[in-house]
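Fair warning: this is a prediction, and the values are worked out from it, not measured in the lab. Ligands are counted one by one from 1 in listed order, and the atoms in each one are counted from 1 as well.
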Amino acid sequence: MAILLDGNRTAEKIELNMKTQIEAFEETTGIKPGLAGIVVGDNPASASYVRRKRRRATAIGMFFEQLKLPESTSMAEIKERIDALNRDERVHGILVQLPLPDHLDPHDVIDLIAIEKDVDGLTTLNQGLLYRGKPCLMPCTPKGILRLLDEYDITTEGKNVVVVGRSELVGRPLATVLAGRSRNATVTVVHTRTREVRQITKLADIVAIAAGKAHMLDASHFKQDVVIVDAGMNSIPSDKTKSGKRLVGDVDFESASKVASHITPVPGGVGPMTVCMLLENTFEAARLACGEP
Ligand code: GUN
């Protein structure tokens, strides 16, 4: 049976440590790290994600401001709100929860965020720095995946890593960093137009998947002792739960865990690491804002 890559436990450990550091930071500087979360419209999943971010931020001593804007919010209105947060000294990090309503271009909205407050690492400028291998605020899910691998002493040096999914949020930045000089993996990106996915994933030492497709991969896609990191979060019908729904990843955990050496559970794997890295980026932004390295 595979070893579980426990995101809950790892995130809890990092957050406990961060809480102590934040207390010390506040004592010496008088500054409380602050995060603002913007939700536009009534997407229940977005509201729930931002609630979770708020709970975790306040639990470690951060200030959190939530902006809930109506579905009809115009680009001019959202610009006004983000400009105000860019100027707000209590706020060191700004996140715009995605997806946005169709009339708002997510690139245009995200690029309104000041680069030093872009704790999701999604502005054009931060992405440019990432692709150049320069210091930057890194997107939270790829950062969380790498931290989880580090926690379990899984190196990527010289390994065949297959990234499934080419999203701006996860797949693309993850593949870039893995192939870079700090991680030295041989990276293959699999996406919706890839033929013979199984032939490619079968060669992987490590598979990281963020495809948004429940149970896309099962045991037959992997070689023995593969490391599987599953960033998928899909709600599927279930007659075993009260809500009638169940959260599953992009990998069929039950079969895949029989061939893997290490595997993330869903929930409790990548999800908590993403939130934890958002908090870490916010603390980093707060430190940089007051001139600390
Ligand atoms: N929607 C799904 N994942 C994310 C994320 O990591 N950040 C933001 N802002 N929105 C998301």
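Between V40 and L67, every side-chain heavy-atom pair lies at or beyond the 4.5 Å cut-off.
Evaluation of the side chain to side chain donor-acceptor pair (under 3.5 Å) rule for N17 yields Q21 as partners, not counting sequence neighbours. Residues meeting the side chain to side chain donor-acceptor pair (under 3.5 Å) test with D111, sequence neighbours left out: T124.
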For residues 174-183, which side-chain donor-acceptor pairs fall under 3.5 Å, sequence neighbours excluded?
from : atom 1 : to   : atom 2 : distance (Å)
T176 : OG1    : R172 : O      : 2.8
R183 : NH1    : D150 : OD1    : 2.9
R183 : NH2    : D150 : OD2    : 3.2

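Side-chain contact check for Q97 and K53: at least one donor-acceptor pair (N or O, by modelled atom type) lies under 3.5 Å. A side-chain donor from one of H107 and E168 sits under 3.5 Å from a side-chain acceptor of the other.
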Please tabulate, line by line, the atom pairs linking an N/O of ligand 1 to a protein N/O at a distance below 3.5 Å, with the distance in Å to 0.1, or answer 'none'.
from     : atom 1 : to   : atom 2 : distance (Å)
ligand 1 : 1 (N)  : Q97  : NE2    : 3.2
ligand 1 : 1 (N)  : L98  : O      : 3.0
ligand 1 : 7 (N)  : D120 : OD2    : 3.2
ligand 1 : 9 (N)  : V96  : O      : 2.8
ligand 1 : 9 (N)  : D120 : OD2    : 2.6
ligand 1 : 10 (N) : Q97  : NE2    : 3.4
ligand 1 : 10 (N) : L98  : N      : 3.0

